[in-house]
Amino acid sequence: MPAKLKSVENDLEITLEDFNMIGRSPDANIRLLDGGVSRQHATIRRDGSLFWIADLGSANGSFVNDVAVTANRALRHGDHVQFGNISFIYDNDEESTQSSVQPASTQAIYTIALPVKTVKATLLVGDLRNFTALSAQLSAEEVASMLREWYAQCEQVLKSRGAVIDKFIGDGVFAYWHGTDFETRLKATEAAKILSGPEAGDSPKRKWLKEQMNLEVFCHIGLNIGDVALGAMGRGMSTAVGEAVNVTFRIESLTRQLKVPVLAGAPFLEGWPEGLSIYQNAGVHPVKGQPEPVEVYSLIDGPTPSL
C-alpha cells in the first residue's frame with residue numbers, strides 16, 4: 001500500500017507521491033486551504049523506503065509529533081504531522097508490516113541507537129541564494145520542480161565524489177566526507193565549484209527561469225573541516241553534529257555578506273600549501289553564535305587542479 005497522510009478531523013486521505021509540495025497555492029499537489037498554511041509551506045520527499053519532511057520557511061512552521069521541523073527528518077508510521085491548523089497521521093502500511101514481521105531480536109537492534117563516534121570530516125553546506133524571494137514569484141509547482149531538479153543535481157555531484165548527504169533542509173544541503181586529506185579537500189572544492197558555478201545554471205528549470213522570467217538561481221557554498229559526532233540521534237534520525245558543523249553553516253552565510261559564491265574556513269587550508277593557489281584570504285569576520293571571529297578564504301575563479 002502507498003504511504004498516505006490521513007486527516008485527523010475527517011476521512012480525507014492523501015496518497016504521497018515521490019515529491020510532494022504542500023501549501024495554500026493552487027499549484028501545490030497537496031493543497032491545504034487554511035489561513036495558517038503558507039503558499040509553499042513544506043515538502044515531503046521520498047528517498048528509498050523513507051519519506052522526508054522539510055519546512056520551506058513557512059510563517060507558522062511544520063510539526064511532527066508536536067516538535068517543530070527545523071531540519072529534514074524521516075517520517076515514521078503513526079507520526080502526527082501538522083501544517084498550520086491542519087493535522088494528519090502519517091500512514092505507511094508497508095513500513096508497519098515490515099516492523100511487525102521482524103523477529104524480536106531484530107526489533108531490539110532496530111530501536112537501539114548506534115554508538116556515536118567522533119571522526120575527522122570535510123564539511124560542505126550549500127544554499128540557494130534568494131530562495132524565499134524567488135519562491136514568492138513562482139507557483140508551488142514551479143518551486144517543487146526547481147527543488148526536485150536541484151536535489152537531483154546535488155546528489156549526482158556530491159555522491160559521485162564520495163560525499164555523504166546528511167540532509168536536505170528546504171533550499172539547503174549539508175554533506176560531508178570521512179577524512180580531511182588533501183584529495184578529499186580537492187573533491188569538496190570540485191563539488192563546490194560545480195554546484196556554485198554557471199554550469200549548474202544549465203539545468204532545464206534554471207534555464208527556463210532565466211529565459212522566461214529573468215530570474216537566476218545561484219548556490220552559495222561553505223566549506224570546513226573538523227571533528228564531528230556521527231551516529232543515530234533518535235528514531236529515524238542520523239546526522240553529523242558538532243561545533244565544526246555549526247561554523248560551516250555560519251561560513252556559508254558569510255558568502256552573501258562578502259558577495260562570493262564559495263568560502264572555506266581557515267582549517268580547510270591548514271597544512272595544504274597547494275590550496276593557496278585556488279583560494280585567497282578573505283579576512284576575519286564575526287559570525288553569529290561564535291565568540292571569536294572566523295577567518296575565511298574565497299575560491300579563486302579558475303581551473304581546479306586534477307585529483
* Exam field: side chain E274 to backbone L276, donor-acceptor pair closer than 3.5 Å -> no
* Return the orientation label for the Y151 and F168 ring planes: parallel under 30°, perpendicular over 60°, tilted otherwise. => tilted
* Asked: Where the side chain of D55 meets the backbone of G57, is there a donor-acceptor pair that is under 3.5 Å apart?
  -> yes
* To do: Evaluate the ring planes of W272 and F268, with Trp represented by its six-membered ring, and classify them as parallel (under 30°), tilted (30 to 60°) or perpendicular (over 60°).
  => perpendicular
* Can you tell me if N65 uses its side chain to pair, donor with acceptor, with the backbone of V67 under 3.5 Å? -> no
* Are the side chain of S38 and the backbone N or O of A59 linked by a donor-acceptor pair below 3.5 Å? -> yes
* **R39 side chain vs R24 backbone, donor-acceptor pair below 3.5 Å** => no
* Asked: With no hydrogens and no angle check, is any side-chain donor or acceptor of Q257 less than 3.5 Å from a backbone partner on L254?
  -> no
* Asked: Mind checking whether F174 and L123 have side chains closer than 4.5 Å, heavy atoms only?
  -> yes
* Asked: Can you name the one residue among T180, D227, D181 that meets side-chain hydrogen bond (donor to acceptor under 3.5 Å, both in side chains) with K120?
  -> D227
* **Within 45° cone of F51 ring axis and under 6.0 Å: R45 NZ or CZ** => no
* **Taking every non-hydrogen atom, the tightest pair across S196 and I221** => CB-CG1, 4.2 Å
* Mark yes or no for whether R185, through its side chain, and T122, through its backbone, hold a donor-acceptor pair below 3.5 Å. => no
* For residues Q290 and E243, is any side-chain donor paired with an opposing acceptor at under 3.5 Å? -> yes
* Which heavy atom in I251 sits nearest to a heavy atom in G222, and how many Å separate them? -> CG2-CA, 4.1 Å
